[in-house]
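Okay, so here's the structure we're looking at.
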Amino acid sequence: MAFKTTIEPFKIKMIEPIHLSSVSKRKQYLSDAFYNPFLISSDQVIIDFLTDSGTSAMSSAQWAGIMEGDEAYAGSKSWKKMEKVVRNLTGCAYILPTHQGRAAERILYGYLGGKGKVFFSNTHFDTTRANIEVTGAEAVDMVVEEANDPLLELPFKGNLDVVKLEEKIKEFGPSNVGAVILTVTNNSGGGQPVSMENAKAVRHICKRYGIIFLIDSCRVAENAWFIHHREEGYGNMSYKKIAKEMLALADGSIMSAKKDGLVNMGGYLALKNKNLAEACNNSLIITEGFSTYGGLSGRDMEAIAQGLKEVFHPDYLNYRIKSTGYLGNKLDEMGVPVMKPIGGHAVYVDARAFYPHIPVEEYPGQALVANLYLTGGIRCVEIGSVMFGKYDDNGKLIPAPMELVRLAIPRRVYTQSHIEYVIEVFEKVLTRRKQAKGFRIIKESKFLRHFTAHFEPL
Ligand code: F0G
């Protein structure tokens with residue numbers, strides 16, 4: 001029998017209080033933080049949608065695993081456990097533990113990058129891009145054209161444009177391509193999934209030109225849910241098997257376990273090639289830790305081993321994707337311009353459509369972030385020209401292709417009543433949309449400026 005309500009498939013064993021606050025208090029908090037949500041302290045937040053990364057609630061089995069953590073410097077039992085799970089999932093022989101995803105990125109792209117190199121991806125996540133660019137290499141995004149229309153309902157808007165990929169490989173020359181990176185799901189492109197067909201096409205092209213093919217797999221379980229439900233031929237295949245099939249296509253994968261690993265910290269780099277793995281291992285030992293723990297405690301590795309199993313449970317994944325969809329669809333019905341279809345880990349609001357009177361130079365996304373916080377204590381993040389904007393030689397803003405605001409949903413943390421509250425906050429923000437004003441940046445850094453920038457309301 002089918003029910004209208006998809007319940008959280010877990011009970012609450014331990015609670016963490018939320019500090020409620022008034023609008024006037026939040027006004028002060030926000031101005032003290034220079035209108036940057038990254039500078040607000042978490043006890044000043046009611047619903048924290050800043051990220052789904054590292055914010056998961058762990059299960060009792062994960063906490064039990066934590067007590068089993070083997071903290072040996074070398075050859076930890078917990079590492080063996082994690083290594084076995086990751087080898088099984090990725091099909092890679094060489095697994096390097098890292099303290100989080102970007103550490104794996106720095107190690108790998110530090111080796112593959114450098115001046116004159118170029119990387120292609122559906123969309124490079126901000127840390128991916130930064131870790132490539134900091135080596136002097138170039139990062140080129142090439143998501144399918146349709147992805148730039150936030151309202152177009154297509155099953156796999158995270159796909160990489162394979163025609164463009166081949167053109168660009170020819171243009172730059174295959175030997176200058178550091179790697180092709182498929183980010184699943186495509187976080188910066190709206191959390192949209194990538195199809196198996198697309199991954200196969202990318203592999204095919206990479207093989208033909210002798211280029212390394214990598215998967216940024218931090219949401220590979222969520223991506224598998226979409227393949228199972230949307231792509232022909234996968235309706236009877238388990239989520240785990242789909243993820244394995246996809247990862248097996250690549251020469252390696254990078255994982256921030258803070259997402260689909262269902263843990264608060266951790267990651268890894270999985271590679272098939274021995275020489276590449278050895279080069280990366282040297283860098284791992286110098287900067288992260290010995291190869292049987294990377295930057296992780298034994299207990300972290302226990303939790304990752306268990307989390308990577310739990311994440312593929314059909315009841316969990318079904319609840320996860322349905323509950324994100326519930327928020328997205330409700331906002332859509334209210335007239336909030338949301339990116340469609342709704343992705344796996346987040347709902348993306350099109351801030352340019354929400355505030356059409358605020359020009360991109362005045363950052364409409366930042367305005368929406370500020371108003372959601374002021375109205376209801378909801379913290380979220382702009383994914384638009386604050387995050388990805390550049391300046392031309394005259395100092396004029398080159399805006400990002402879209403001005404989005406991301407409501408990223410932590411895994412297994414909020415209940416349906418929290419989500420109903422968020423919907424009510426949006427109702428209020430929506431009625432006052434005409435009065436909203438933009439922002440000016442008064443302080444910023446060269447890389448990843450959104451983390452530390454200071455803003456001033458206009
Ligand atoms: N790749 C993708 C697609 C990501 O979304 C992230 C992190 C990383 C790599 C880096 O992993 O944080 O463990 O170093 N995304 C977080 C987010 C921060 O909020 O989307 P990390």
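When a ligand or atom number is given, it counts from 1 through the structure's own listing order. Side chains included, hydrogens not; waters and symmetry mates left out as well; all remaining heavy atoms used.
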Give the residue, atom name and distance (to 0.1 Å) of the protein heavy atom nearest [atom].
atom                    : answer
atom 2 (C) of ligand 1  : D216 OD2, 3.3 Å
atom 5 (O) of ligand 1  : N187 ND2, 2.7 Å
atom 12 (O) of ligand 1 : R102 NH2, 2.9 Å
atom 8 (C) of ligand 1  : F125 CD2, 3.6 Å
atom 15 (N) of ligand 1 : K259 NZ, 2.9 Å
atom 21 (P) of ligand 1 : Q100 NE2, 3.3 Å

Applying side chain to side chain donor-acceptor pair (under 3.5 Å), run through Y326 and E420 and close with a yes or a no.
-> CA-CA 10 Å; Y326 179 84; E420 301 294 351; 2.5 Å; yes

Quick note on ligand 1: atoms under 4.0 Å from a heavy atom of T127 include exactly 8 (C), 9 (C), 10 (C)

Report, in ascending order of atom number, the atoms of ligand 1 lying under 4.0 Å from any heavy atom of E105.
->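 Under 4.0 Å from E105, ligand 1 has these atoms: 1 (N), 9 (C).
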
Do ligand 1 and [X] have nitrogen or oxygen atoms that lie under 3.5 Å from each other?
X    : answer
T183 : no
K258 : no
D52  : no
G101 : yes

T185 and R219: side chain donor to acceptor below 3.5 Å | no

Can you find a side-chain donor-acceptor pair between T127 and E105 that sits under 3.5 Å?
-> yes

Rounded to the nearest 0.5 Å, the CD1 atom of I409 sits from the OG1 atom of T324 at a distance of 5.0 Å

Classify the ring geometry between H454 and F34 as parallel (under 30°), tilted (30 to 60°) or perpendicular (over 60°).
->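 Judged by the thresholds at 30° and 60°, the geometry between H454 and F34 is parallel.
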
Centroid-centroid under 6.0 Å between [X] and [Y] rings:
X    : Y    : value
F156 : F226 : no
F312 : Y239 : no
Y29  : Y373 : no

Assess whether side-chain contact (heavy atoms from CB on, under 4.5 Å) is satisfied between K117 and T135, documenting all intermediate values.
-> CA-CA 9 Å; K117 293 281 181 188; T135 71; over 6 Å; no

Contact between G267 and ligand 1, counting heavy atoms under 4.0 Å?
-> no

Would you say R406 contacts ligand 1, with heavy atoms under 4.0 Å as the rule?
->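 Flag set, R406 near ligand 1.
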
Decide if atom NZ of K77 counts as having more than 12 heavy atoms of other residues, nucleotides or ligands within a radius under 6.0 Å.
->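 Counting neighbours around NZ of K77, 12 or fewer heavy atoms of other residues, nucleotides or ligands fall under 6.0 Å, so no.
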
Out of S256, A257, G261, indicate the one that has the non-hydrogen atom closest to atom 11 (O) of ligand 1.
-> S256

